[in-house]
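Have a look at the structure below, then the notes.
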Amino acid sequence: MRTAEPGKAGSAVSAGKGWRFVSQTTKRALEASLKKLLLQKPLNKITINDITEDCGVNRMTFYYHFKDIYDLVDWILVEDAEKALEGKKSFDTWSEAFLDILQEIQENKVLVLNVYRSVSREQVEQYLYKMLDPMLKDFMDREAQALSVSDADKQFVIDFYKYALVGMVLEWIRKDMKTDPAVMAERLNTMLHGDFRRALQRFSALRRPSLDEE
């Protein structure tokens, strides 16, 4: 069996990491250019030429990374959601965590509103699901301690509240995010206070296999 020459395997790995870094840097530069242009005109008026000229790269570089502007937008939403969740500080209440998410969305207001109006509501929905699902799971896990609730039932409760909250956030976005995030979070907290725990307790009291596990 032939072995790699000393240093060559490491060089290949280093080269791969270097290329990934360059690729990520280029994508971030394209993202920055698109967000800059969105301050000047709506998404449906922006062309690939506009982005590449602002970014200082050629069209082939753009097409190497993305098939079109909407592919770039989709990547930005996914990356921004993941970045927002990285190193997310722990919150004592779900409403504090929800407020933090609303503020993250508001900071990305220009892009989110343009996607909502120019591309598709579904892309914004997926962005919101990615933000809300881990937050709700964290608090459901806390509430489910000492309760006998299956993972499937717990996820069912998570999904129910996730879809309800996403619906509220979509309506907030449709109305240009005019309501103060703190007011919206407080209203929802008033309405849902204690509901997570009560829902899990009902499933625990049934003491039967979840429908998904039968």
Side-chain angles (χ1 to χ4, degrees), residues 31-32 34-39 41-44 46 69-144 151-200 203:
E31 172 189 358
L34 176 58
K35 287 184 174 180
K36 175 184 172 183
L37 290 165
L38 282 170
L39 297 175
K41 51 186 172 180
L43 183 63
N44 56 9
I46 296 173
I69 290 177
Y70 302 125
D71 190 31
L72 168 59
V73 167
D74 193 55
W75 180 83
I76 291 172
L77 290 175
V78 171
E79 286 291 304
D80 282 3
E82 289 180 352
K83 189 167 61 175
L85 294 170
E86 283 177 8
K88 180 67 71 180
K89 58 185 178 182
S90 179
F91 294 94
D92 292 331
T93 67
W94 78 268
S95 59
E96 290 175 333
F98 183 63
L99 172 58
D100 190 65
I101 287 173
L102 291 180
Q103 290 169 337
E104 292 279 357
I105 296 167
Q106 199 169 55
E107 286 178 10
N108 219 6
K109 180 176 180 177
V110 175
L111 178 64
V112 172
L113 285 177
N114 267 278
V115 175
Y116 184 86
R117 292 167 178 164
S118 305
V119 189
S120 74
R121 170 173 162 153
E122 184 180 355
Q123 278 185 297
V124 177
E125 283 181 350
Q126 292 305 315
Y127 168 66
L128 297 176
Y129 291 146
K130 195 170 186 67
M131 298 275 276
L132 286 166
D133 190 89
M135 181 272 282
L136 287 172
K137 186 177 187 307
D138 178 46
F139 284 95
M140 290 297 175
D141 285 343
R142 294 189 204 179
E143 296 291 352
D151 289 340
D153 284 339
K154 192 190 304 178
Q155 187 61 49
F156 185 84
V157 176
I158 291 170
D159 288 343
F160 177 84
Y161 287 104
K162 177 175 68 180
Y163 296 137
L165 291 174
V166 165
M168 293 297 296
V169 176
L170 285 171
E171 182 65 8
W172 177 63
I173 290 170
R174 189 184 71 80
K175 294 179 177 177
D176 293 336
M177 308 184 195
K178 289 178 181 176
T179 302
D180 187 306
V183 172
M184 187 170 174
E186 183 57 33
R187 284 174 176 167
L188 285 167
N189 183 51
T190 299
M191 186 169 66
L192 300 177
H193 184 69
D195 279 7
F196 295 170
R197 178 77 176 178
R198 283 191 290 271
L200 293 168
F203 276 106

> When rounded to the nearest 0.5 angstrom, what distance separates CG in Leu128 from CG in Leu170?
Replying inline: 5.5 Å
>> For the backbone of Leu43 and the side chain of Asn114, can you confirm whether one donor and one acceptor N or O come within less than 3.5 Å of each other?
In response: yes
> More than 12 foreign heavy atoms under 6.0 Å from OH of Tyr129: is that the case here?
Replying inline: yes
> Would you call Trp172 and Gln106 a side-chain contact if the rule is heavy atoms closer than 4.5 Å?
Replying inline: yes
>> So that I can tick it off, tell me whether Lys137 and Asp151 are bridged by a salt bridge, with the cut-off set at under 4.0 angstrom between side-chain N and carboxylate O.
In response: no
> Under 4.5 Å between any side-chain heavy atoms of Met191 and Arg187, yes or no?
Replying inline: no
>> Distance alone, cut at 3.5 Å: any donor-acceptor contact between the side chains of Asn108 and Glu104?
In response: no
> Mind checking whether Phe98 and Phe91 have ring centres under 6.0 Å apart?
Replying inline: no
>> Give me the atom names and distance for the closest heavy-atom approach of Met131 to Ile101.
In response: O-CD1, 3.4 Å
>> Is there a side-chain contact between Val157 and Phe160 in this structure, where contact means two heavy atoms from C-beta onward sitting under 4.5 Å apart?
In response: no
>> So, taking the atom named CG in Asp100 and the one named OG in Ser95, what distance separates them when rounded to the nearest 0.5 Å?
In response: 11.5 Å
> With ring centroids as reference points, do Tyr161 and Phe196 lie under 6.0 angstrom apart?
Replying inline: yes
>> Nearest 0.5 Å, please: how far is CG in Leu38 from CD1 in Ile46?
In response: 4.0 Å
> Under the 3.5 angstrom rule, does the side chain of Lys109 hit a backbone N or O of Asp176 as a donor-acceptor pair?
Replying inline: yes
> Could you state the interatomic distance from CG (Leu136) to CD (Gln155), rounded to the nearest 0.5 Å?
Replying inline: 9.5 Å
> Please walk me through it: do Leu111 and Lys35 pass side-chain contact (heavy atoms from CB on, under 4.5 Å)?
Replying inline: CA-CA 7 Å; Leu111 178 64; Lys35 287 184 174 180; 4.1 Å; yes
> Can you find a heavy atom in the side chain of Gln123 that is under 4.5 Å from one in the side chain of Leu77?
Replying inline: yes
>> For the NZ atom on Lys36, are there more than 12 heavy atoms of other groups (residues, nucleotides or ligands in this structure) within a distance under 6.0 Å?
In response: no
>> With rounding to the nearest 0.5 angstrom, report the CG to CZ distance, Asp153 to Phe203.
In response: 5.0 Å
> If you take all heavy atoms of Leu102 and Ala185, which pair is closest and at what distance?
Replying inline: CD1-N, 4.4 Å
> Considering residues, nucleotides and ligands other than Met168, do more than 12 of their heavy atoms fall under 6.0 Å from its CE?
Replying inline: no
>> Strictly below 4.0 Å, N to O, side chains only: are Lys154 and Asp141 in salt-bridge contact?
In response: yes
> Is any side-chain heavy atom of Leu165 less than 4.5 Å from a side-chain heavy atom of Trp94?
Replying inline: yes
> So, Glu96 side chain and Asp92 main chain: donor-acceptor pair closer than 3.5 Å or not?
Replying inline: yes
> Looking at CG of Leu113 and CZ of Arg174, how far apart are the two atoms once the value is rounded to the nearest 0.5 Å?
Replying inline: 12.0 Å
> Would you say the side chain of Asp195 lies within less than 4.5 Å of the side chain of Leu192, judging by non-hydrogen atoms?
Replying inline: yes
> Below 4.0 angstrom, N of the basic side chain to O of the carboxylate: do Asp138 and Arg142 qualify?
Replying inline: yes
>> Do Asp80 and Glu31 have side chains that approach each other closer than 4.5 Å (heavy atoms only, starting at C-beta)?
In response: yes
>> With side-chain contact (heavy atoms from CB on, under 4.5 Å) as the criterion, how do Gln126 and Asp74 come out once you've worked through the C-alpha distance, each side chain's angles and the decisive distance to 0.1 Å?
In response: CA-CA 10 Å; Gln126 292 305 315; Asp74 193 55; over 6 Å; no
>> Are there over 12 heavy-atom neighbours, none belonging to Glu171, within less than 6.0 Å of that residue's CD?
In response: yes
